[in-house]
Structures are given as C-alpha cells and as structure tokens.
Undergrad: 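Below is one structure. I have some questions about it.
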Amino acid sequence: MTDYQETLSFLYSALQDPNKKDIELTEQTALVADIGLSSLEVMEFIEKIEDHFDISIPLNILPDVNTIGDLAEKVQELNS
Amino acid sequence: MLFDKFQDMANFQAELAERDVKPFGAVTEQILSATEGIVEGRKVILAGTNNYLGLSYDPRCIRAAQDAAERWGTGTTGSRLANGSFAEHEALEQEIADFYGVENAIVFSTGYAATMGMCATLAGPGDTILLDADSHASIYAGVTLSGADIIRFKHNNPEDLAKRLRRLGDNTGRALIIAEGIYSMYGDIAPLREIAEVKREFGGYLFLDEAHSMGTLGATGRGAAQEAGVEDDVDFFAGTFSKSLGAIGGFCVSRHAEMEAIRFCIRSYIFTASSSPSVIASTRESLRIIQAEPELREKLWENAHRLYDGLKQLGLPVSPAASPVVALEMEDRSATIDCWKALLEAGVYVNLVVPPASPSNNYLLRNSVSAAHSTAQIDSIIAAYASLIDAGLAKPTLAA
C-alpha cells in the first residue's frame, strides 16, 4: 500500500502537464475550479492514476472529489 | 443563479445565429426520398440521417403503417403495463426474439429508453458496470441511475477491460460489461472476438448495443456479434428501430429467462406510453425486409467504401476504417462550422458534432451512408467535400 504523501506526490506530478496555468498545487487545489481541467482531462488524469496504482476508480465517486486532497483520500481507500 | 449554467450554450447559439447557420435542429421541410429532402430551404442529399438501409421511405413499410393506423388507431394512449400492449407489440417481440434466435425480447418506445432502461436496471448497488469509455449518452444516463459501481475501460481496448476485470477478483459474477457494435461517432467496430475472450476468461455478463450495427453487419443483419461469430457470448443485445429499420423504438433480447422479471422493473418501459401501432407495423415489415434482402447490406457497404475511399483520396482526416458512419475530425470549431454550412450550401446535409458529444476535444463532420444512396449521390457528396478544399475551408491532412 502506498502512503498518503506518496499518493499526493504522484498526483502532483501527473498534474504537471494539464496545469496550464502553472498554479501552485496543494491538497486544497480544486481540480476543475482552480486548475481548470476539462471533463476529458479529468478522465485522462484518472486513467493515469488507475494505471499507476493498479486500481479502478468508479465514476460514482467523482462527484465527491473536488480537490487534490479529496482524490488522494479516495485513492488511499481504493488502494487499501 | 439557476440559469447561469446555460450561459455557455446560449452564447454558442448566439454565435451560430450571428453566422446564419443552424447545424443543430435544422428543419427538414420536405422529404423527397430516403436520401433527398428540403432542409432549411435547400434541396439536399441526406448524408446524416442514420437511414442505413433506406427503409424509412420504403413503400411496403409505409403501407404496413397505414394499414395498422386504420386497424388500431393512431396511438395506444398507455404504457405496456397498462393498456398499451397490443397484439402488434407482442408480435414484434416474438419476431425480434426469433430473429436473434433467443426466447426473450422487450420492445421499448425508443432506442434511448431501451439502452438507458436496461443499463439502469440490470446492475444495481453492489454490482459493477464496466463500460467502454466512448459509450452512447443513453448508456451513461442508465448506468448513472443504476446505483452500481461504474468503471470505464479504454475505448475498444480488451486489454484494459481484462485489467479491470482482474481487479474485481472473485466479484466478476456481479459485473456487467457494456460495449457497442459500431460506435456512433467514428463508426469504428468493437473488437468483439477479443472482448468475448476476455469475458470467457474472467466472467461477467456482456451487454451489447447494436444500434448502429443491427441491419448493417452480420450474415443476416443481426449485427457486430454475428459478424464476429461471438453471439453466444453476448447476454443481452439491445438496439433501435430508428436506424436500419427506419422507424422509432428500441429493443433488448436475451437468452436469459429472467428477462420476463426484468421487464417489470424497467422504469423507462413501465412509465411511458408504448409505440404507436403504425410504428410497430412498419418496424415488423422492415425486420422482414432486412432478412429477405441481404443485397441492401451489400449496397450499403459498397456505398460506405466508395465514400470513405473518396474522402481519403482527397486527403481529408477520415476515421480509421470504412464504415456506414464516415467521420471527419477537425480541431478548429469555427472552421468545422464553416465547412458544415458550405456543405449544406453545396447540397449535402451531414451532422456537425461538437464536444462533449464527440469522443474527444475535436469537432466532427459526421456522414452516415445509406443503401438508398445512388452512386451519383455518393460522388456528389465527395465533390462537395472537394469544394471545401478548393475554397480553403478544409485542408488535406492525410497522404492520399
């Protein structure tokens, strides 16, 4: 199992390319409102996470995910 | 405010109005044949109607509808569970079940209601749905209502499906895999042999939407699974009567006897009026014709290859393989809208597709081919696209 900080680190690195506004990424950064990910970019980002952690992230959980921290927690749950 | 979320759409509509173009909801003022009509005041070749076999205007289907209207009236005025099950509906269910060689069939009022309703009902809380990422909006709408865990696999990628089934471990007995025969936007065909192999290895149930492949693929027109020789691996076939069969309505057939219990749990079946008898009658006649006249499919594919090859020779960015759906993918929204308008002015109606309806961030000029298109009409469509290049509106991007 990957620890929370490692998960966060991966999320930050995977967001480098789509972070076109080059904002500082923190646990509180909102994926859509702050970074401005499109729906397609969100799905591509999710696929990267799934491949990296060898998990499947159900679409149902996405409405509860706003920030990088929210997503890291969900990844931790699915990876446990 | 309540209406704020519609502002982007309102802005887009205003832009289209300012450019004097109406790609969404263009009005057909008159139908001249299965492949010609008057659209927005212009006589055009219809190349965006999904009327793959041209049966919407077949005199035998029209006569069947007329006879049924005289016999049964114009509507059922009720749902299938109340007063809306006429002998015509039951006859069609028997015929579509026989067509697929299974025992159970449910007929719906639209194709959307069929796929949405089945996907919302088959899986529920505690189950897992694995759906192709490029699935139709009706499938996404259904799975969202299901309460099941929803997992996407990469489009037409059996390896990715296998990976996700493997992750389910011992729970694949509660997994519903969803794919389509032909995908509606690019016209690409699902790798069903490989998907069936994955299902055999890991388990699960396979739901296949043959909306664009029924009537267009397979030795007798049953669709992509018949073409691939994997019908025994498919648990549920869904489809529509509004494309190859030229009417409106939808269906789901299955060898599973549980379908009769499922029927009474599908909200889009229970809580909507059933199809008009005239629609059911024309559908029954179309179903008879597609079995009796395989030459319609042969002509469809001859036309599909002619259009695809013609556009490819122009160097236009067509989808990877010939199909009854031939799409050109463009990156620039404004240029794509200009092309759509120029095609209409040149006498060709096609579909303009914009995100999120297109599977990527790009824009599509989507053509659907019909067996009823004459060779001259296909050549006219190709010539209209050539004129886009001549006018500098479209650029060749492929090596001819």
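Chain naming here is simple, since letters A, B, ... match the order of the sequence lines and numbering starts at 1 in each. On a predicted model such as this, the values are computed, not experimentally measured, just so you know.
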Undergrad: Is A/Ile57 close to chain B through its backbone or its side chain, or both, or neither, when contacts mean heavy atoms under 4.5 Å?
TA: backbone

Undergrad: More than 12 heavy atoms of other residues, nucleotides or ligands under 6.0 Å from CZ of B/Arg267: yes or no?
TA: no

Undergrad: Nearest 0.5 Å please: distance from the CD1 atom of A/Ile55 over to the CZ atom of B/Arg164.
TA: 9.5 Å

Undergrad: Main chain of B/Gly147, side chain of A/Asn60: is a donor-acceptor contact present, judged purely on distance under 3.5 Å?
TA: no

Undergrad: Do any of residues 39-47 of chain A have a heavy atom less than 4.5 Å from a heavy atom of chain B, and if so, which, in residue order?
TA: A/Leu40, A/Met43, A/Glu47

Undergrad: Is there a side-chain contact between B/Arg167 and A/Leu78, using heavy atoms and a 4.5 Å cut-off?
TA: no

Undergrad: Tell me, yes or no, whether the heavy-atom count around B/Asp170 atom CG, taken from other residues, nucleotides or ligands under 6.0 Å, exceeds 12.
TA: no

Undergrad: Would you indicate whether B/Glu15, at its atom CD, is surrounded by more than 12 heavy atoms from other residues, nucleotides or ligands within a distance under 6.0 Å?
TA: yes

Undergrad: Please identify which of these residues, B/Thr128, B/Asp149, B/Ile150, B/Ile129, meets the side chain to side chain contact (heavy atoms under 4.5 Å, CB included) condition with A/Pro58.
TA: B/Asp149

Undergrad: Non-hydrogen atoms of chain A under 4.5 Å away: do they reach the side chain of B/Pro355, the backbone, both or neither?
TA: neither

Undergrad: Do you know which two heavy atoms are closest between A/Ser56 and B/Ile151, and how far apart they sit?
TA: CB-CD1, 3.6 Å

